[in-house]
Amino acid sequence: ALEASMTEIKEYIARLSLECTNWDQLLLHHQKEAEKISRTLEEAKIADIELDSTLYLQSSQSEILSTKPDYQKILDSQNEVFNCMEMVIDELQGSIRLLYSFMEDTTQFFKKVS
Amino acid sequence: SINPLLYETQFFGFTPQTCMLRIYIAFQDYLFEVMVAVEKVILKKASSLPGSTLSAVQIRGSTETFLRFMRERFNRLFVKMEQVLLQLVLNIPPNILLPEDRSHEKYPQGREDFHLLQQEVEQLRLRYKAELGAKHALLAELEVQKVTQARLKKTLHWFDGLGDAHGPLGLGEMMAFLIQHSGRLRSITQDVTQKSK
Amino acid sequence: EQERENVKLAEMVLEGRKQVLELQQQIQARKQAWQMLTQVPK
């Protein structure tokens, strides 16, 4: 009877160990899959490959990602700002020169008159 | 056939059998300690009594007999106690599902259910891929933002170099003064020209 | 877990976009102030 009990206990232990191993293997399998996905994306990033937008438009942040502003346009518009400022400063410079030249002329005129 | 009491072990974190064994050993140890203490007392009392013929060997013999008797009584009582504890305390009724096992309530019934589970796993895989893609996209945008913000701050810094928001300090007032002054000069000039004519 | 991390990242991105917009507006305001200055002598 003792031997039979021991055999039964050993069977239980073997069954439980096997189930443990199976669960561990399944978990490992899923973890490896996740790592593979992560590695593929990292490699694409390093190779500077543009990510397919359809990929992340399925994600929870699709709304934010689809409303991304055109940063290049913003940077390019800075040139326009400087061009505009160049014109403004030129204009101001011109106006002030004009005023000074008028004052010069007027000074000369009064000298002549006096 | 042995009932390995697996579910109870899962819940308690120890096997009920181990628990009972530990209780048994604890009782045994205590019984032994008590016997030793009692024997000491008897030895002391016996040696102090006048005309006592009791020897230490005799006392030891009696102690051992008493211990045997107590052990037998205890073993019989323990069998009953073990039964009660295993049935009523260290026991999970067969209809109870522990909260941690709720996901197994609807165990896959066959190929169909297993197929559904596989589909679910595949969907989760795709969702994870999408979320990871989103993470990369968000991080990339943060980088671009850094560059853009730096460039824009540079432009603002350049404006700071020109002066305050209304031009270099006093430029507006100076211009206004100059223009007003020029206006006066013009009218004086016209006046003088007329008068000199 | 990835969804939770992305929510935090998205918050940072939104904040960054707000800052970029603010900087753009500040630059516009400065440019317009200078442009108004040219109207004075005209």
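From a predicted model like this one, the values you see are computed outputs, not experimental measurements. So you know, we letter chains A, B, ... as the sequences are listed, proteins then strands, and number each from 1.
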Open item on the list: For R30(C) and Q26(C): C-alpha separation, side-chain torsions, deciding distance, then whether side chain to side chain contact (heavy atoms under 4.5 Å, CB included) applies.
Closed with: CA-CA 6 Å; R30(C) 301 291 204 96; Q26(C) 281 177 25; 5.5 Å; no
Task: When S60(A), G94(A), P69(A), S77(A) are compared by non-hydrogen pairs under 4.5 Å with chain C, the top option - done: P69(A)
Task: Heavy-atom contact with chain A under 4.5 Å, split by part of L21(C) - done: neither
Task: Segment of L14(C) engaging chain A (4.5 angstrom heavy-atom cut-off) - done: side chain
Task: Basic-acidic side-chain contact under 4.0 Å: K36(A), E33(A) - done: yes
Open item on the list: Looking at chain A, which one of R17(C), Q2(C), E3(C) has the largest number of heavy-atom pairs inside 4.5 Å, strictly under?
Closed with: R17(C)
Task: Interchain contact, V20(C) with chain A, by part (heavy-atom threshold 4.5 Å) - done: side chain
- [ ] Select one option (side chain, backbone, both, neither) describing which atoms of T67(A) are under 4.5 Å from chain C's heavy atoms.
- [x] both
- [ ] Identify which part of E80(A) has an atom lying under 4.5 Å from any heavy atom of chain C, answering side chain, backbone, both or neither.
- [x] side chain
TODO: Taking all non-hydrogen atoms of both residues into account, name the closest pair between L37(C) and L92(A) and its distance.
DONE: O-CD2, 3.9 Å
Task: Gap between atom CD of E91(A) and atom CD1 of I89(A) - 0.5 Å precision - done: 11.5 Å
Open item on the list: Quick one: does any side-chain atom of T7(A) pair with a main-chain N or O of E3(A) as donor and acceptor, under 3.5 Å?
Closed with: yes
Task: Winner by heavy-atom pair count (cut-off under 4.5 Å) against chain C, out of K68(A), M87(A), Q78(A) - done: K68(A)
Open item on the list: For Q35(C), which atoms come within 4.5 Å of any heavy atom of chain A: side chain, backbone, both, or neither?
Closed with: both
Open item on the list: Quick one: does any side-chain atom of S62(A) pair with a main-chain N or O of Q58(A) as donor and acceptor, under 3.5 Å?
Closed with: no
Open item on the list: Restricting to non-hydrogen atoms, name the atom on W34(C) and the atom on V88(A) that form the minimum distance, rounded to 0.1 Å.
Closed with: O-CG1, 3.6 Å
